[in-house]
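All remarks here apply to the structure that follows.
Quick caveat, the model's predicted, so the values are computed rather than measured. For ligands, and for the atoms within them, numbers begin at 1 and follow the listed sequence.
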Amino acid sequence: MFILINLKAYPCDPLEIANAARDVANDSGVRIAVSPQAADIARVSDTGVETWAQHVSANNYGSYTGSTLAEAVANAGATGTLINHSERRLTLADIDTAVNAASRVDLDTCVCANNPAQIGAVTALSPDSVAVEPPALIGGDASVATADPDIVSNAVESTNSIDKTVDVYCGAGISAGDDVIAARDLGASGILLASGVAKADNPRKALEDLVVPI
Ligand SMILES: O=C[C@H](O)COP(=O)(O)O
């Protein structure tokens, strides 16, 4: 299972979490990546942890003030990027362009969507992975894998019916190793997780506990 820790805009210490994630990944053999604010990508990447951007813009070089170029995050050390996170929605056309922008510089792409129908639509754009996240469960205590298992298994079915090479992740409310196992049993090959680590009093312990059953 792949575990992607999205730090969102939480007031956490990105280096503390990056160092902990690197150590826990090395000790456990579980693939763990950290997705910090764009301005923190370089120093997070310097810790040695796998580093992802939270977003890339749907444009190339040019007069695009305020954009986050795929080239810029790749040059800063990111090796992957989220696209269309529930808190950073894009049009389908911009998702397509952003996936192509990320692919230009060999970033792994994970396109998020709210439900299995949207998952099918974004799978057709050929990202490396998709992630289903019901917005109502994001940031809560109930794991998507137990509170809404059908949305995960239907997303897996939707993706597999279009392109079996696209990995399916899920996220929202995941905080324990058992949640990760439940997601895997539904067919997911990775999870997106934010508050369970970024808002934890002890992020290292939260990560250590998370990987125990994996
Ligand atoms: O990107 C992460 C997801 O939105 C899940 O967030 P959460 O773990 O706080 O529910």
Side-chain angles (χ1 to χ4, degrees), residues 1-14 17-18 20-21 24 30-38 40-41 44 49-56 68 73 78-90 95 98 102 107-116 118-119 122 127-149 151-152 155 167-184 186 188-211 214:
M1 289 291 276
F2 174 45
I3 298 176
L4 178 55
I5 311 295
N6 179 5
L7 304 187
K8 302 194 174 183
Y10 285 132
C12 56
D13 179 345
I17 294 175
V24 173
V30 176
R31 181 185 171 198
I32 303 175
V34 173
S35 185
Q37 288 279 297
D40 294 323
I41 286 174
V44 163
V49 76
E50 181 176 338
T51 305
W52 280 48
Q54 296 180 8
H55 163 80
V56 291
T68 303
V73 303
T79 56
T81 186
L82 293 171
I83 291 169
N84 194 47
H85 189 276
S86 191
E87 295 148 7
R88 193 69 168 83
R89 305 298 306 271
L90 300 173
I95 295 169
L107 292 172
D108 268 4
T109 49
C110 176
V111 178
C112 304
N114 290 353
N115 56 51
Q118 292 178 18
I119 284 287
V122 298
D128 296 300
S129 59
V130 293
V132 64
E133 292 199 306
L137 296 178
I138 291 177
D141 295 327
S143 160
V144 60
T146 47
D148 197 352
I151 204 169
V152 180
D167 291 325
V168 183
Y169 307 154
C170 65
I174 294 174
S175 61
D178 288 347
D179 301 333
V180 182
I181 297 302
R184 187 186 66 191
L186 292 166
S189 56
I191 59 158
L192 301 192
L193 186 160
S195 46
V197 169
K199 295 173 82 173
D201 291 335
N202 186 337
R204 182 177 290 266
K205 179 158 190 327
L207 282 162
E208 287 170 347
D209 291 347
L210 195 68
V211 300
I214 302 174

Atoms of ligand 1, numbered as shown, that sit under 4.0 Å from any heavy atom of [X]:
X	value
Leu193	8 (O)
Ser195	7 (P), 8 (O), 9 (O)
Ile138	4 (O), 6 (O), 10 (O)

With a 3.5 Å distance limit and no angle check, can you tell me whether [X] reaches the backbone of [Y] through a side-chain donor-acceptor pair?
X	Y	value
Gln37	Lys8	yes
Thr51	Val49	yes
Gln54	Pro36	yes
Asn84	Val111	no
Asp209	Ala206	no
Thr68	Val56	no

Crowding at CZ, Arg89 (>12 non-hydrogen neighbours, <6.0 Å) =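 Enclosed: over 12 neighbouring heavy atoms sit under 6.0 Å from CZ of Arg89.
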Does [X] have a heavy atom less than 4.0 Å from any atom of ligand 1?
X	result
Ala172	yes
Lys199	no
Gly139	yes

Does the separation of the ring centres of Trp52 and Tyr169 fall below 6.0 angstrom?
->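 When the ring centroids of Trp52 and Tyr169 are compared, they turn out to be at least 6.0 Å apart.
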Hey, does [X] come in under 3.5 Å of ligand 1, counting only N/O atoms on both sides?
X	value
Tyr10	no
Gly140	no
Glu87	no

For atom 8 (O) of ligand 1, closest protein heavy-atom neighbour =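 Answer for atom 8 (O) of ligand 1: Ala194 N, 2.8 Å.
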Please write down residue, atom name and distance for the protein heavy atom closest to atom 3 (C) of ligand 1.
->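 Of every protein heavy atom, Glu133 OE2, 2.6 Å lies nearest to atom 3 (C) of ligand 1.
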